Each structure stands twice: as C-alpha cells, then as structure tokens.
Number of protein chains: 2
Amino acid sequence: MRASDLPEVRALGLFSSMEEKHFDALMEVAYLQTFPPQLDLIAEGDVADFLYIVVEGSVELFARSNGRESTMGLVRPVGTFILAAVLKDAVYLMSARTAQRSKILLIPSQNIREAFQQDAEFARAIVQELASCYRGVVKEHKNLKLRTAVERLANRLLRYHNDQGGNGSFELPHDKRTLASALGMTPENLSRAFNTLKPYGVEVEGSTIRLTDVNSMETLAKPNPLIDDRKT
Amino acid sequence: MRASDLPEVRALGLFSSMEEKHFDALMEVAYLQTFPPQLDLIAEGDVADFLYIVVEGSVELFARSNGRESTMGLVRPVGTFILAAVLKDAVYLMSARTAQRSKILLIPSQNIREAFQQDAEFARAIVQELASCYRGVVKEHKNLKLRTAVERLANRLLRYHNDQGGNGSFELPHDKRTLASALGMTPENLSRAFNTLKPYGVEVEGSTIRLTDVNSMETLAKPNPLIDDRKT
DNA sequence: CCCTCTCCTTGATAAATATCAAGTCTCTAA
DNA sequence: TTAGAGACTTGATATTTATCAAGGAGAGGG
C-alpha cells in the first residue's frame, strides 16, 4: 500500500508534519482492511499490538464490567483510537467494534514507537494528539458529572446540529441505542428525554432531528465551551 | 532554587531521565511556593501559564458548570496537574485548590514546551506521563458509567486500604464531602453508602476506616484491574 | 405481499439518588 | 468551660433514572 493511496491519513494531524520517509516506512508495514458492521476489533485487556485509524465507516468504543456495558466513544473518519495504550505498550482499556462497514488502517505499535523516537515532528504531533484525547475524556467526564440526562442530550443535539451545518435539521450519526449508552442513559430514557425536549422545538423522525427553536434549546442546554467545544 | 533542593521532583517519572542541564534550566525558572489550605490556584478557562507539581500537601481538581460543582481528582505528592493544557497552550479545563497547606512547584509553560523540543528523553517522559493521565481519566469514566455509587465507594475503600498497607485499617486522605464529590454522589448518600457497607465489614470512625472482612468487600466490589489499577 | 426481526417507544413500577430539614458531634476559640 | 461553627449523619420526601413488559413501526427476506 502506498502513502498516496491515503491522502486523508497523511493529512491527519498525527502524520501531516512527519518526514516523508518515516511516513512511508510506517505505511509500508501498515494494513488497510475493510471490516463488516458489528465486528469486534479489539477487546479490553488485550495487548496493544496496533494503532487503529478509521478511514471510512465508524467505530464504537465501549467497555464492560460486572455484566454491564457502556459506550465510551464513537470514532469517525479520519480518527485514531487507543493511542495511549500503544505508546505505553499496555493493554487496551476499551473494546472496539465497527458500527458500520468500515475501512481501517492498522499500524503495528512497535513501529509507532520507533517512529516516535526517530522523528521529532511526529513526537510533537503525538503529544498534541494525546493531549487532545485527554482533554476530550475530561470534557466527557465533566459532561457526565455536571449535567442531567436531558441536558446531556440537548447539548449533544446542538453539537450534531452545528457539525452538520446548523440549518435546522440533521441526522443522528448512529442508532439511538448507542447514543443512549454514549450519553450514559438507557434507551427508554433517551426516548423520554426526546419527549421532554419537544417543547423546546425538537422534532424527531427516525434518525432525522429538526430543531425549530435553537434559542430555547440553548437556554435549556447552556452549552459550555469547556465541555462542548471539540477544538480547544 | 537548586535541583538538589528537590530530589523528589527530580525522581518524578517526568524528569528522572532528563539531561541534567535541561532539568537545571527548568528549575532555574521555576517557583516553589507554599500555599494555605483552601486557596484557589487556578480556575478553568484561564490560560495555562504554568505546569503545577505538588511537592507537599494535596490539591483538589474540580470543575463547575451550571451552578454545579464536582471534584474531578485529587493530586498528592509528588504529582503534576494540567499537563495537557500546558502542552497544548490551551485554557485549563479544571480548577484547582489546595486541600491542605501545600508546597507547590510552578514551572512556566513556555519552558516546559521548550524543554520538550530540546530533550528527547523528556519528550518521551512527557508522552508516558500524558498517556498515564489519559488512561487515568478513562478509568475514572468507566468507574462512573459502569458502577453504582456503593460499588464505587467499596472499590475506593479497597484501594486506599491497599495503598496504606492493607492491614485492616486506614485513613481517608480527604474529608468525606470531597470524597463524595469525587465519587459522584452527595455527602448524604456517601453516609448511607457507608451504612450499606457495614454488613460487609466496614467500620467508620471519623476518617479512620476499618475493614474486618476484605473478602466479602471484594465479592461486593468486584475490583477490575482495567478500572482500579493505578499502574497499568 | 406478508412474515419476522430489530429497533424504538410507551406505560407501569421499582430502585437509586438527590434534596430538604433537623439533629449530633467534634473541634476551636473566646 | 462553653458557645459557635463546620462536618457529618439521619429521616422524610421528591426527583431522577432504571427495569420490566408490552406494543408499534419499519426494513429486509422469502
């Protein structure tokens, strides 16, 4: 597989400033594979043999304990997952399965760690990516500890709405079961939370959501850049 | 201030493999200060001017939104906090206040970022530290999403018990109000959770806890290395 | 076209957790 | 020594969330 096959991978923050030869070397040993939906990719507790990069489709990160299961995150193109485990040469803390048919790039952990040593720009990019991931989980954690279920849903809807152009209508990027788990609630409760939001201009039709009164939604949701901004 | 003043800082994972001259340069520009209890050190939203290292005492990390407040973590010697914000040159996502009278080392963010460029060993250590922090929050997040309040308390007690020698008795390292918030519950509920654990051999006397039946506690708590282990 | 499956919704109920209001206890300081 | 403050506890109640059970709607396959 050639680097030129995957310009979007090369453009990833992680790789964009990397020296050509190091990037090529990484791609040399990488695997690009297509997986069917609902396929388990990794299981928590496994040793981190590969860094995963979602090129097409989407991947659900989840965790289990005590017979319970919860969605920890959703990775869409082009995004990486389990970078921390790879860098620490430790076991995965989360499991991952494809949500849709997905094209995924696997890079052996060992090579990632070598590239980190050899390429200072890559090292810097790794740190930036890792710091972003860290801040992402902190925000997720704040979201869960500081907001009620309805507030979490409202803010999530506002985010999706914004991501998809903010023109009053958008599609949920995954099924409601998964959304419920990601928001830390049951599917039944998600249904009820949608009903609670009806007076605030939220219209649900399958996976299409219409927001007819964004102002009133924002009054309720009180979005907070230190929780909701993807960038900072 | 001389490096030799703070052997425990030098011994920190972050600095132990750093070149002497780079470490000295960092210490040259660092401030070592002592703060009284309950003093606000940083506020979420502020720009990250310094990396903080707790040398003595303890620091509570917390976050606010919507009039609510929640403890996000507790840093004891010798530990760092808000490394990610420093590396990204971004605003803090959490606030911090001293829990006790504390001695704290402040290193200007700019110097940390420079040292990262100049010292490959330091860069590697930063990545390890950051990856550990990331995994710490992920575990905290799993803890909150996959366990009930009583289970969280039980596991926390087992951890403290273990940390302090595992001889059947230990001290809570902070007041119960803070513990409650850290575990994601109200103080009232923490009280009740302690009562729920009484039949499992948990005896509370102020901040002294006695575990008279660790087996039965472990049966209830079902500790999970992928949530509870500090190391991995 | 209809069956069946899955996903989602709804209603009824139960469990977990939060809130409000006293109370108790302990520590400190006058 | 005692008053007061702060931290914790307890009880009563409200709210939030989960669970259980059932039904409906839509998609895909025969």
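All figures in this text were calculated on a predicted structure; none of them were measured in a lab. First the proteins, then the strands, lettered A, B, ... as listed; each starts at 1. As a basis for the values below, the full set of heavy atoms in this structure was taken, side chains included, without hydrogen atoms, waters or symmetry mates.
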Review point. Could you give the CG-to-P distance, from B:Leu190 to C:dA18, as a whole number of Å?
Key: 11 Å

Point to revise | Contact check, side chains of A:Leu41 and A:Ile104, non-hydrogen atoms, under 4.5 Å | key: yes

Review point. Can you list every pair that meets ring-ring contact (aromatic ring centres under 6.0 Å, His included) and has a residue in residues 73-98 of chain B, with sequence neighbours left out?
Key: B:Tyr52-B:Phe81

Exercise for review: Measure from the side-chain N and O atoms of A:Ser95 to the backbone N and O of A:Glu44, and report whether any donor-acceptor pair falls under 3.5 Å.
Suggested key: yes

Check your understanding: How would you list all residue pairs meeting ring-ring contact (aromatic ring centres under 6.0 Å, His included) that involve residues 182-211 of chain A, not counting sequence neighbours?
Key -> none

Point to revise | Consecutive Watson-Crick or G-U pairs in runs of at least 3, all under 3.5 Å, in which DNA chain C is involved | key: C:1-30 with D:1-30

Check your understanding: Nearest-Å distance, NE2 (A:His174) to P (C:dC7)?
Key -> 15 Å

Practice item. Send over the distance from B:Leu179 CG to D:dT9 P, rounded to a whole Å. Key: 11 Å

Point to revise | For atom CD of B:Glu151 and atom P of C:dT17, their distance in whole Å | key: 9 Å

I'd like a list of close polar pairs between nucleotides 17-20 of chain D and the protein, N/O only, cut-off under 3.5 Å.
| from | atom 1 | to | atom 2 | distance (Å) |
| --- | --- | --- | --- | --- |
| D:dT17 | OP1 | A:Ala149 | N | 3.3 |
| D:dA18 | OP2 | A:Thr186 | N | 3.3 |
| D:dA18 | OP2 | A:Asn189 | ND2 | 3.0 |
| D:dT19 | O4 | A:Arg192 | NH1 | 3.3 |
| D:dC20 | N4 | A:Glu188 | OE2 | 3.2 |

**Study point:** Partners meeting side chain to side chain donor-acceptor pair (under 3.5 Å) with A:Asp89 (sequence neighbours left out)
**Key:** none

**Study point:** Lys/Arg N to Asp/Glu carboxylate O, A:Lys222 vs A:Glu151, below 4.0 Å
**Key:** no

Review point. Given D:dT9, is OP1 or OP2 found less than 4.0 Å from the side-chain N or O atoms of B:Asn195?
Key: no

Point to revise | Taking every non-hydrogen atom, the tightest pair across A:Ala182 and A:Glu140 | key: O-OE2, 4.4 Å

Practice item. Figure out the CD/C1' separation between A:Glu205 and C:dT9, and round it to whole Å. Key: 15 Å

Study note, to complete from the structure: A:Lys145 atom NZ is separated from C:dA18 atom P, nearest whole Å, by 11 Å

Revision key, fill the gap. In whole angstroms, the gap separating C1' of D:dG6 from CZ of B:Arg177 amounts to 10 Å

Exercise for review: Return the nearest nucleotide to the side chain of B:Ser191; candidates are C:dT9, D:dT9, D:dT10.
Suggested key: D:dT9

Check your understanding: If you look at every heavy atom in B:Ala96 and B:Leu61, which pair is closest and at what distance?
Key -> CB-CD2, 3.6 Å

Review point. Excluding sequence neighbours, so at least two apart, what forms side chain to side chain donor-acceptor pair (under 3.5 Å) with B:Asp228?
Key: B:Arg147

